Amino acid sequence: MKTGRRTAAVATLVGALGLSALNAPTAQAADTGITVSDIVVNNDKPIVVGTSKVVEPTLSFTIALPSGYSTADPSRYDAYPFLYRGSITTAADTGENFIGPSGYTCYETDSKHAHCEGNLYIDPHPSQEHVDSNSDATTWKVGVSLKLWKADGGLKTGELETRSQTARLKRAAKATANASPEPVAKGRSITVTGKLTRANWSTKKYDAYSGRTVSLQFRAKGADAFKTVKKATTSSTGSLKAAVTASVDGSYRWVYYGNSTTGVATSPADYVDVR
């Protein structure tokens, strides 16, 4: 349950104009006295991105304000975490290798502290520069933008802070499965085929993912869980194939457990009637 008065809500800012407004250069860089802590990005899990769908990982953090500033006047301060690669100043000033928030809301805990919750914004569309190369599937650093505003709305001071915290971006993968024949006589062979593909952020297509070990899983009718029955390696075209003996009715699926650059992929299950 959220407690405390809502102190600030930042609207979704999409595209170059939104980015420049949210992340204007901090030429008058100086210590703001704002402290941002307890940063959690995507529940500390890898962020998996495909070729077209916008991804908005969860973001939460806590703000502590300096003397002379109060959560009762959120127009006087601005603080938020973001992800970046390379130089923090270059990323923040140009928007390249920069992933910022789509929006967040802060809830007052007292006059100097607030807890904030929101989302980062990752758009794989070619017009954006969030994930435009497969090399972006790596570890990103966490940075923090901090600003104090004057009573007349002008910028008093701002700074960018680096953090030791990181977040990992991964390319999405997809798997398919087909079991045949259907139906099948008990004791006969069932062939389960499929294909594993992976998002190519440069072309915005899914390519065959070869040389990967993928688990064939089976769940008997009425059972709660799938169990691995075989493993297979994808071909140069990403194809999968395995043979099993029909014993009872149930469903087959392929599962790829991912790696440091690629997310987990689970195919839809294919049900086989054994007679």
Side-chain angles (χ1 to χ4, degrees), residues 12-19 41-43 45-59 82-86 90-91 94-102 119-141 166-180 191-217 226 231-242 251-270:
T12 300
L13 297 172
V14 181
L17 179 60
L19 176 62
V41 177
N42 202 42
N43 294 317
K45 297 178 180 179
I47 302 167
V48 181
V49 183
T51 60
S52 60
K53 185 179 179 181
V54 169
V55 176
E56 296 188 82
T58 57
L59 173 68
F82 58 89
L83 304 182
Y84 72 98
R85 291 181 62 201
T90 300
T94 67
E96 296 180 7
N97 296 318
F98 175 96
I99 296 174
S102 61
N119 300 87
L120 295 174
Y121 185 88
I122 306 173
D123 187 354
H125 191 275
S127 65
Q128 304 297 318
E129 297 179 333
H130 297 161
V131 287
D132 55 3
S133 169
N134 293 327
S135 63
D136 289 330
T138 187
T139 298
W140 288 60
K141 300 174 184 178
T166 60
R168 178 165 285 276
L169 264 64
K170 293 187 177 186
R171 296 157 66 182
K174 293 181 179 180
T176 62
N178 181 60
S180 63
T191 299
V192 185
T193 58
K195 188 170 185 177
L196 181 67
T197 56
R198 178 171 64 157
N200 185 325
W201 288 341
S202 297
T203 64
K204 305 306 178 185
K205 297 179 180 179
Y206 277 81
D207 297 336
Y209 199 15
S210 63
R212 300 296 103 187
T213 299
V214 185
S215 298
L216 177 63
Q217 297 187 338
F226 279 89
K231 292 186 178 181
T233 302
T234 54
S235 70
S236 60
T237 61
S239 297
L240 290 158
K241 186 176 182 179
S251 300
Y252 293 89
R253 71 180 187 183
W254 291 104
V255 178
Y256 174 61
Y257 287 100
N259 55 32
S260 62
T261 62
T262 309
V264 174
T266 302
S267 74
D270 192 15

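Since this is a predicted model, take the numbers as computed values, not measurements.
- Thr262 OG1 to Tyr257 OH: the interatomic distance, rounded to the nearest 0.5 Å, is 16.0 Å.
- Across all non-hydrogen atoms, the minimal contact from Pro268 to Ala177 is O-CB, 3.8 Å.
- Across Arg85 and Ala91, no two heavy atoms sit closer than the pair O-CB, 4.2 Å.
- For the pairing with Leu216, the side-chain contact (heavy atoms from CB on, under 4.5 Å) check across Val255, Leu240, Val192 returns one residue only, Val192.
- Using a 4.5 Å cut-off on side-chain heavy atoms (C-beta onward), Val41 and Ile47 make contact.
- Between the CD1 atom of Ile122 and the CD atom of Glu56 there is a distance of 9.5 Å, given to the nearest 0.5 Å.
- Side-chain atoms of Thr234 come within 3.5 Å of backbone atoms of Arg212 as a donor-acceptor pair (strictly under, hydrogens ignored).
- Minimum heavy-atom separation, Lys231 to Ser215: CE-OG, 3.7 Å.
- One finds the CG atom of Leu196 at 11.0 Å from the OG1 atom of Thr237 (value rounded to the nearest 0.5 Å).
- Ser251 is listed as a side-chain neighbour of Phe226, based on a closest heavy-atom distance under 4.5 Å.
- Rounding to the nearest 0.5 Å places CG of Leu120 at 5.0 Å from CG of Leu59.
- If you take NE2 on His130 and CG on Leu83, they are separated by 10.5 Å, rounding to the nearest 0.5 Å.
- The side-chain heavy atoms of Val55 and Val48, taken from C-beta on, include no pair separated by under 4.5 Å.
- Residues Thr266 and Gln217 fail the side-chain proximity criterion, which asks for heavy atoms closer than 4.5 Å.
- The CH2 atom of Trp201 lies 10.0 Å from the CG atom of Asp132; values are rounded to the nearest 0.5 Å.
- Looking at Asp123, its side chain does come within 3.5 Å of a backbone N or O of His125 through a donor-acceptor pair.
- Residues Ser235 and Lys241 have side chains not in contact (no heavy-atom distance under 4.5 Å, counting atoms from C-beta outward).
- Side-chain contact between Lys204 and Ser52 is absent, with no heavy atoms from C-beta onward closer than 4.5 Å.
- When all heavy atoms of Trp140 and Phe98 are compared, the closest pair comes out as CZ3-N, 3.9 Å.
- Remark: the backbone N or O of Lys174 is not paired with any side-chain donor or acceptor of Lys195 at under 3.5 angstrom.
- Taking the side chain as every heavy atom from C-beta outward, Thr197 and Thr176 never approach each other to under 4.5 Å.
- Side-chain contact between Val131 and Arg171 is absent, with no heavy atoms from C-beta onward closer than 4.5 Å.
- In plain terms, the two heavy atoms of Tyr252 and Ala179 that are nearest each other are CD1-CB, 4.3 Å.
- The two residues Ser210 and Ser236 come nearest to each other via the heavy atoms CB-CA, 3.7 Å.
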